[in-house]
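Letters go in sequence order (proteins before strands), and every chain restarts at 1. Hydrogens, waters and symmetry mates play no part in the numbers below; they use all other heavy atoms, side chains included.
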Amino acid sequence: MNGRGTAILMRIAQAVPVILGVVIISFVLTRALPGDPAVQFAGLTATPESIEQTRVKLGLDRPLPEQFFLYVGQLLQGDLGQSVSTGRPVAAELAARLPASLELTLVALIVSCSIAIPLGVLAATRPGSWIDQLCRLFVTAGVSLPTFFTGIVLIYVFYYLLGIAPSPLGRLDFVYLDPPHVTGFFLIDAALDGDWETWTGAARQLVLPATTLALFTMAPIARMTRAAMLSALSADYIRTARAAGLGAGKVLYGYAFRNALLPVVTTLGMVFSFALGANVLVEKVFAWPGIGSYAVEALVVSDYAAVQGFVLAMALLFVLLNLMIDLAYSAIDPRFGTAAK
Amino acid sequence: MTDTLATATLAAPKRNSGTFGHVLYVLRENPVTALAFGMFAFLIGSAILGPSLVPYDPLATDSAIALQPPSLAHWFGTDNLGRDVFSRVIVATRLDLIISVAAVSISFVVGSVLGSLAGYRGGWTDVILNRCLDTIMAFPLFVLAMGIVAALGNSVANIIYATAIINVPFYARLVRAEVNIRREAGFTLAAKLAGNSDARVLAMHIFPNALPPMMVQVSLNLGWAILNAAGLSFIGLGVRPPTPEWGIMVAEGANFIISGEWWLALFPGLWLMLAVFTFNLMGDGLRDIVDPRRRT
Amino acid sequence: MLSVQDLNVSFRTRRGEVNAVKGISFELAKGERLGIVGESGSGKSVTSYALMRILDAGGTIKTGEAVYDGVDLRRANEAAMKDIRGREISMIFQNPRAALNPIRKVGHQIEDVLVRHARATRADAKAKAVEALEAVKINDAAARYEAYPFELSGGMCQRIVIAIALACDPKLLIADEPTTGLDITTQKAVMDLVDDLVRARGMSSILITHDLGLASQYCDRIVVMKDGVIVEDGKPADLFTQPKHPYTNKLVDATPRRGASIRSLLPQDQRTPLAPRSIGNAAMLEVLNLTKTYDGKSGPVHAVKGVSFSIRSGESVGLVGESGCGKSTTSSMIVRLLDISSGNILYKGEDIAAIPSAGFARNPLRGKIQMVFQDATDSLNPRHSARQSIAEPLRRLCGLKGAAVDERVEELADLTGLPPHLLDRFPHQLSGGQKARVGIARAIAPDPDLLILDEPTASLDVSIQAVVLNLLADLRARLGMSYLFVSHDLNVVRLLCDHVVVMKGGSIVEAGPVEKVMDDPQDAYTRELLSAAPQAPSRKAA
Amino acid sequence: AGDTLVVVNGQTVNSLDLHRTGTNRASYEIAINCYDRLARFGTKPTEDGGVSFDYSKIEPELAESWEISDDGLTITFKLKPDALFQDGTPVTAHDVKWSFDRAVSVGGFPTTQMQAGGFVRPDQFEAVDDATFVVKLDKPSKLSLPDLAVPVPFVINSKLAKENATEADPWAMEYLHQNTIGSGAYKVSRWDNGQQVVYERFDGWVGGPLPAIRRIIRREVPSSATQRALVERGDVQIAFGIPDKDAAELAEMLKVDSTPIANCVHALCLNTKFEPFTDPNVRKAIAWALPYEDIFKTAAYGRGAPLWGGETEITDTAWPRKSPYSTDIEKAKELMAASAYPDGFEVPLSIALDLAGWMEPAALLIQEAVGKLGIKTEIEKIPGANWRTASLVEKRLAFHLENFAGWLDTPDYYFFWAYQDGHLFNSSNYVNPEIEMLTNETLHMAMDDPEYAPKIKRMFEIVLDELPRIPLYQPALNVAINGADGYQFWFHRQLDVRTLDRAES
Ligand SMILES: Nc1ncnc2c1ncn2[C@@H]1O[C@H](COP(=O)(O)OP(=O)(O)OP(=O)(O)O)[C@@H](O)[C@H]1O
Ligand SMILES: Nc1ncnc2c1ncn2[C@@H]1O[C@H](COP(=O)(O)OP(=O)(O)OP(=O)(O)O)[C@@H](O)[C@H]1O
Ligand SMILES: [Mg+2]
Ligand SMILES: [Mg+2]
């Protein structure tokens, strides 16, 4: 097996203890939550008996270690348990909500990258200039605003005052029907279906929340692009390329940028998981039926299975993301997985 | 060079004025940095003096003057309980700075210790620490903070701990990398030859060299800690009312924006933004200050 | 072909304008091989960058003319310059590995240039690139086309860089210290290759180096630069026999060569007689059958395989060999920074190899064995001033405190010739020679019996090297220390050492008194080492 | 579309089955709109032109008529002959029996609520024939018939349910969780968890006049600011359960219905387990110190009804009622000085995170007011699940706000839950033997019983004097309406969409 393959397998192997750790911590964390789910779910006019009944039904009357092993046993069979508050299997719930979060996050990141990366490159080619300073101020301002605040201000201005944006009612206005479920990404599903009206509707709904998130994520990307470009541009091989008469474009993009991409890709991964976290707040503001808002609700009502399932899903996503970054890395950097890296 | 010769005998005072001069130099060199440090001084000033300078008691309610727009008497207007928003915004500075500074200090210290050990010892220590950090990072950090605060209760101390915990991996990683590349550096070996024990080499020689990049991280995290606290407030897990805190004020004020009482969220929001902005911009300057190589 | 008239280059920096090149003029004829020699910072590289118009941001040609083949290089527009670069004039740089794009196949990097200058189309680019690789005599050129720089050795990388530079048949090749950082044997191979190619194609060349020996061997004419000014211009032989400018004289003197003594490296007026020293009879340090095996990723690495030698008190032993032969590993073990795999290190009869390196810092013998490191910059803590660096072992090993420390630090500075006002500077504020002095002062601070010198002059200019070597010789005489001098340069070893040990691949291939090994090498490898070193014309009666 | 109506609601529907463990309050809406009960309450106009349910009137829904035996122990229902389930099968008494059996058997909230009406065991229910259904009671109670009009005893298509039941799940909990199989006016044609419920009209409904709107979309919008923006711009027709402040402001532009919630009191509870609160002087001092007017203005924006400054003498049995206290800080200080704690004490003031909307401003004002008596408080915000545990089950909160609302609109029912020892909403741990006795006596007693009124008045006297809970105000349920008609207020505080219509705008 070649170095690259081994290195990627190694990364996958390294994820095992991480997942295990996440399972344990999420279990302990949920049990440490104050509040008794049996009370919460026994309903309005609960009596001690009905609370006790509920407790037995939820399996919470057993000792903690037993609960843990039951949980792990279920997990191994691919069962994330039932969410008590929604009454649906957690897995189904996550499957329904994850695409919503991912679609929002991805669109936001695409927007953010398509602004931040050129800005970073621009700043790096003119370090210290007023453009550089302006970029710095701009992206820093973006990351300085709490996302929920930005979101509400955007709604106020673009929906309430100007009436340009569609009503902040989640993924699709009620005049449209959800596109047939293929990937769960409305933009993709609608496109596959050829239903461009729905596509436009879904895209319009995305504009404000994606902008909110994009503003928040631009700073690290732009910063990293600038730093990486600066160090790439001062590298010896750039001088070699220039001395060989290569054109400015080739030097900047073919040589410097591709090298600068490596740290940027790493940062992107971090920003992505960061944005998924920030989603929690954005989703709440925009009534976005994603997994972040689900987690908040579940946490507040001590819905153990839902919280654990959410955390686990995010951890798996994180591992997957890192794997994808490694793949991207190995595609860009031939040194990946060899002694040189 | 000639004037350094002349002052060489006054070694001690010269070193001090050297540091001071260096700070001045860093500030003068970059206008944005100077601006950031100016704003920082302003924030510190309002944190220390604010409570004694503000025109009203930030906690005193008066339903007769609830929800008044900004005026000469109430610069930033009043909130739904008739409290003066300006006074609250200024008084909140202290708490917000305490939260962010305390959280960042804890994660700085813990992260530094863990990262230094892992970077220096390598081997299993490194592997285990890395897996632990990965585990923390695998949580969506904000949700982890929420979970911790929900589990421990929403006191200021717990908000600080939660923020600190989710920040630890960043420091530990950074320090680990910085220590690791200097583990075999010439000056490390030289320090060992000079009779320093491993612990001393690590603490006195290797670790201080990781400070410049850490300063950038610190400045980013200071801002992030405030945002984090604000986010917690938004979902109701922030500091306890009626304590003024920017995040809570924005979060609560946010509900009033649509109804036209924009000042409730806007001013604390602006201050919050100003603080985060200041911290973020300070990073490069802080790094240059702690980096002796920037001295001339 | 190239005519430079009164060229001035300056940089805008934070502290005002820096004039890096101050009105230099020279001519280069077709087919001529010109050498530019001078110490670090004298403006050699800036001159070449100015000719190529690839100065860093902030650098401009202030005044002067540079005309290449009728083209005014100063005023030509950027498009014209791009055609000149690579096709008319090309450049190779030091540190070949860094000079190549790390994530692009070397074959493609050659193609980029070929395509840029319309020397190849997409279709035949690959064939042309392989051709270019073959031209630089790289083994298995077709396979190397697919390689990434990290898969190649330093020498091979430099060949690739040369292939890129020569791919479009330029008329002029500028080589900026093309062999720094390469092994002495590789250096010779690379220089021979460049020379062959340049001659075969009838090109002109400019070789930039600080090594006068190298320049004299490969150039027809040499200009000597100092502080941005050309101080002398002449044929190599003339330069050595009749240097006109005092600076050239100093440079010529400082270049180590056969038959020169250590003092003769210094300018005439500083050649005070060496103090006598005595060499004891008994071995102070005995290394017996020392081995070191690392656990590499792909199996164990036998870095040192059973090395034995001894050092008497007051004696200096040289340890030579090419890169990777185990010199540093051996010295690290002796200085107790590295645990051994097997063997003994007897210091005055006591086996110090038995003491684990982790605890050696607290051992009373710590102060007795000290080391001066190869890279002076890397070996000084960038956050400590020179004073702090020198004081460290005094506080920790000698238990000095307060004013006594300052007193001793100043004494040591005086001993190593470091001006006291520099003591409060940070390493980046010191020159290479000054940093070397700080390193030496720190090493001798605890009064060691044995000083291990791991290529202490490798990163220094020849003139500074001369000073440092003499300083070491004086210190040895004054303080009665023994040296273990690690180097790959036999010419330098010869100046300082009584005894020499030649290592190859982790084992000793030859050992003996320095004259004997140098004059009558027994081992083929030793002979190869000796012949690879550039030889400056010997300085006859001036 | 003219035959579609959009409603936004901040609460999420988490199940289509009210009987399921874990079903939240918002989901009761499904039981109301998609299922029928045997009977339902009538309606009456409210003071400000709206329509509210009328506890005193009980009307048929699925039942055509009923008869109560003279001993009050047997109720015989005749079902409407033409009643159909949404799949077309006729509704029979067997379906009713199965549904009632289910309600008393599954445990949890439905079972508890059934018990309030005296329905405890399946053998109390009998399907005599397809059209006749008999309920037998252990003892007569005035609560029995009303308890059949609350959302819980809804009638399920038992044939369909049994087809989808399994051995492990005899009551088809899984199936009903996802599907509505009732005879109600609407069926859920689509349910996107956490996003929306779409109601589609069932044209065969016999429970009442056929609704005017064919399709109703219930969107979940957690942010109240967004809700407000939506209704204000007319993109949705109804914003249900909006905050008091928005209601107060929107009332100037739109139609806003703010009916005070029946049998509901927002109260400040003083836990008798906490030493200083056992001192009557302390309790009264607090009651006199509270800034009722300010609380009503800032926490409720004047929506709802004041519950302070009433007559000392109790002449009627109306509940909730004004307490005799009002803000009089001098009096409060005197009482405090006379108490065992003249210098005050420290106590945490607890509020629920979910209810922070009203609790927080109220708590802040209370904190400030009792501060004047030397009582130092720190406000503790407790998140959802923990709130119920701490306040209601463990009853360990010393000083907190509370908002119990009784579905069955009688004072004794309120007392049963909120003042009887050990009962869930008695979060003050209040114990008074006389109250225990009086409540037990009045709970099932007919309201026109001559003994009823005096006993109730006595109960009022006691609790308003001993003050385990200090009434603050009666809150309102705010509904903003922009382009719709026919809204009715219901005790269950959910939207009954069956009466809605589009308004000409
Ligand atoms: N980008 C720059 N900005 C400011 N000053 C510069 C810059 N590049 C070079 N210099 C200055 O120009 C002078 C000449 O530098 P140059 O690189 O030509 O020296 P060199 O002779 O090539 O030395 P070396 O042997 O170390 O390579 C130096 O004093 C240096 O400080
Ligand atoms: N930590 C290590 N792990 C594995 N192999 C090592 C390690 N350190 C050195 N080596 C290997 O041991 C051999 C000897 O290395 P050493 O550094 O002693 O060479 P050197 O003679 O000092 O070379 P140079 O002149 O380049 O400094 C080399 O092949 C090197 O790759
Ligand atoms: Mg140079
Ligand atoms: Mg070495």
Side-chain angles (χ1 to χ4, degrees), chain A residues 14-15 17-22 24-26 28-35 128 133 136-137 139-141 143-149 151-153 155-156 160 216 219-220 223 270 273-274 276-281 284-285 292 295-296 299-300 302 307 310-311 314-319 322, chain B residues 30-32 35-36 127-128 130-132 134-148 150-153 166 170 216 220 223-224 226-227 230-231 233-237 246-247 250-251 253-255 257-258 262 265-266 268-269 272-281 283-284:
Chain A
Q14 282 171 1
V18 171
I19 301 283
L20 206 71
V22 167
I24 295 174
I25 295 183
S26 63
V28 173
L29 193 68
T30 48
R31 309 296 134 148
L33 288 175
Q133 303 286 19
R136 185 171 161 207
L137 286 177
V139 297
T140 310
V143 79
S144 304
L145 284 163
T147 42
F148 56 88
F149 182 64
I152 290 171
V153 170
I155 291 180
Y156 181 63
Y160 186 79
F216 193 63
R223 242 172 200 278
M270 228 189 62
S273 75
F274 203 73
L276 271 179
N279 252 353
V280 172
L281 299 172
K284 212 169 138 77
V285 174
V296 179
L299 195 72
V300 169
S302 296
V307 175
F310 165 77
V311 170
M314 292 300 260
L316 286 174
L317 199 68
F318 176 81
V319 168
N322 277 330
Chain B
N30 189 334
V32 175
L35 178 79
V127 171
I128 290 173
N130 259 322
R131 292 295 84 75
C132 289
D134 278 350
T135 308
I136 297 182
M137 299 279 287
F139 280 88
L141 294 181
F142 181 69
V143 176
L144 182 61
M146 263 171 59
I148 295 172
L152 301 180
I166 62 174
F170 296 100
V216 177
L220 293 178
W224 193 43
I226 295 189
L227 288 181
S233 300
F234 184 67
I235 53 168
L237 292 171
W246 295 328
V250 180
N255 295 322
I257 291 185
I258 299 282
W262 46 269
L266 186 75
L272 180 85
M273 180 177 161
L274 187 81
V276 180
F277 197 63
T278 304
F279 287 139
N280 282 339
L281 288 184
D284 296 334

Heavy-atom contact with chain B under 4.5 Å, split by part of A:Val143
both
Region of B:Ala275 in contact with chain A, defined by heavy-atom distances below 4.5 Å
neither
Look at the rings of A:Phe148 and B:Phe234 and say which category their plane angle falls in: under 30° parallel, 30 to 60° tilted, over 60° perpendicular.
parallel
Rounded to the nearest 0.5 angstrom, the CD1-OG1 distance for A:Ile24 and B:Thr135 is 9.0 Å
Heavy-atom distances under 4.5 Å only: say whether B:Trp262 touches chain A with side chain, backbone, both or neither.
neither
Which portion of A:Leu137 sits near chain B, non-hydrogen atoms under 4.5 angstrom:
both
Of all heavy-atom pairs linking B:Leu266 and A:Phe149, the shortest is CA-CZ, 4.1 Å
Grab the two heavy atoms, one from B:Met137 and one from A:Phe318, that are nearest each other, plus how far apart they are.
O-CE1, 3.5 Å
Relative to chain B, which segment of A:Tyr156 carries a heavy atom at a distance below 4.5 Å: side chain, backbone, both, or neither?
both
Report yes if some heavy atom in the side chain of A:Tyr160 is under 4.5 Å from a heavy atom in the side chain of B:Ile257; otherwise report no.
no
What part of B:Phe139 is in contact with chain A, defined as an atom under 4.5 angstrom from a non-hydrogen atom: side chain, backbone, both or neither?
side chain
Check whether any side-chain heavy atom of B:Leu220 lies under 4.5 Å from a side-chain heavy atom of A:Arg223, and answer yes or no.
yes
From the list B:Ile148, B:Ile235, B:Val127, B:Val276, the residue making the most non-hydrogen contacts under 4.5 Å with chain A is B:Val276
Proximity breakdown for A:Arg31 and chain B, heavy-atom pairs closer than 4.5 Å:
neither
So which part of B:Leu227 gets closer than 4.5 Å to some heavy atom of chain A, the side chain, the backbone, both or neither?
side chain
What is the minimum heavy-atom distance between B:Gly147 and A:Leu33, and which atoms define it?
O-CD2, 4.0 Å
If we define contacts as heavy-atom pairs under 4.5 Å, which of A:Val296, A:Leu317, A:Leu276 has the most with chain B?
A:Val296
Tell me, out of A:Pro220, A:Ala278, A:Ala141, A:Ala295, who's got the most heavy-atom pairs with chain B below 4.5 Å.
A:Ala141
Side chain, backbone, both or neither: which part of A:Val280 has a heavy atom under 4.5 Å from chain B?
side chain
Look up atom CZ in B:Arg131 and atom CG in A:Leu20, then write down how far apart they are to the nearest 0.5 Å.
13.0 Å
The reported gap from CZ in A:Arg136 to CG in B:Asp284 (rounded to nearest 0.5 angstrom) is 4.5 Å
Can you tell which part of A:Leu299 gets under 4.5 Å to a heavy atom of chain B, answering side chain, backbone, both or neither?
side chain
